[in-house]
Amino acid sequence: DAGVIQSPRHEVTEMGQEVTLRCKPISGHDYLFWYRQTMMRGLELLIYFNNNVPIDDSGMPEDRFSAKMPNASFSTLKIQPSEPRDSAVYFCASSLSGGWGGSVTEAFFGQGTRLTVV
Amino acid sequence: AQSVTQLDSQVPVFEEAPVELRCNYSSSVSVYLFWYVQYPNQGLQLLLKYLSGSTLVKGINGFEAEFNKSQTSFHLRKPSVHISDTAEYFCAVSPYGNKLVFGAGTILRVKS
């Protein structure tokens with residue numbers, strides 16, 4: 001398997017523009033996570049899905065952020081409108097449930113998308 | 001809720017010396033425990049994980065960690081580090097059911 005694939009790897013956009021980040025999880029994985037990494041706040045969980053259904057979006061910072069998972073092989077994270085403080089590296093990760101009643105056992109991360117909003 | 005504390009933000013060490021990166025966690029439920037490594041401009045890679053069984057877990061690249069339930073710790077160790085081990089290391093917990101909660105990370109700097 002090619003692993004978790006994210007696109008684009010780098011994105012530079014102007015403040016106010018819409019940004020869409022994309023993720024293809026590992027085939028067969030039933031959990032998908034979106035994380036944001038910044039120097040100030042470290043790794044933050046934004047939202048995660050189980051079987052394409054959003055389970056916890058409490059980490060989504062504002063209504064400007066939205067995430068979808070229309071099918072098991074694709075997810076998007078959208079920021080509209082973007083602001084300079086959204087500049088960060090965004091990671092997608094996927095996992096296969098196992099162990100006790102479906103617990104996450106290990107997450108595989110993509111290479112990340114480095115977003116710069118100017 | 002769960003939280004993870006990595007007690008050192010940076011750890012400098014000379015090549016071939018031993019190293020320990022400390023991790024403590026807080027959780028009201030049983031958890032799985034993980035250590036991830038991140039090399040510059042890359043994603044996170046799993047080093048090792050504790051799910052159950054033996055409390056001493058061996059991972060890739062010669063790393064190992066010991067789960068101590070009474071002290072709620074999961075410290076990472078390596079007996080002899082190399083320059084190539086320079087990276088940021090993240091401790092994480094996964095509470096029963098779902099998601100990963102990460103610590104703030106520890107930057108390991110190996111000097112020659």
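Chain letters run A, B, ... following the sequence lines, proteins first and then strands; every chain starts at 1.
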Less than 4.5 Å apart, any side-chain heavy atom of B/Tyr36 and any of B/Leu100?
yes
Check: B/Phe90 and B/Gln6 side chains under 4.5 Å, non-hydrogen atoms:
yes
Using non-hydrogen atoms only, which part of B/Gln38 is less than 4.5 Å away from chain A: side chain, backbone, both, or neither?
side chain
List, by chain and then residue number, the residues other than A/Val12 in its hydrophobic cluster (Ile/Leu/Val/Met/Phe/Trp/Tyr, side-chain heavy atoms under 4.5 Å); write none if there are no others.
A/Val118
Using non-hydrogen atoms only, which part of [X] is less than 4.5 Å away from chain B: side chain, backbone, both, or neither?
X	result
A/Asp56	side chain
A/Gln37	side chain
A/Arg41	neither

Go through the steps for B/Arg77 and B/Glu64 under the test salt bridge (Lys or Arg N to Asp or Glu O under 4.0 Å), then give the verdict.
CA-CA 5 Å; B/Arg77 301 185 184 97; B/Glu64 63 181 33; 5.2 Å; no
Chain B contacts: which residues in residues 84-93 of chain A have a non-hydrogen atom closer than 4.5 Å to it?
A/Phe91
Keeping the roles fixed (side chain from B/Thr55, backbone from B/Glu66), state whether a donor-acceptor pair exists under 3.5 Å.
no
Give a yes/no verdict on a cation-pi contact between B/Lys49 and B/Phe34, requiring under 6.0 Å between NZ or CZ and the six-membered ring centre and an angle within 45° of the axis.
no
Minimum heavy-atom distance between A/Leu32 and A/Ser75, given as atom pair plus value
CD2-OG, 3.6 Å
Have B/Asn24 and B/Ser26 got a donor and an acceptor in their side chains that come within less than 3.5 Å?
no
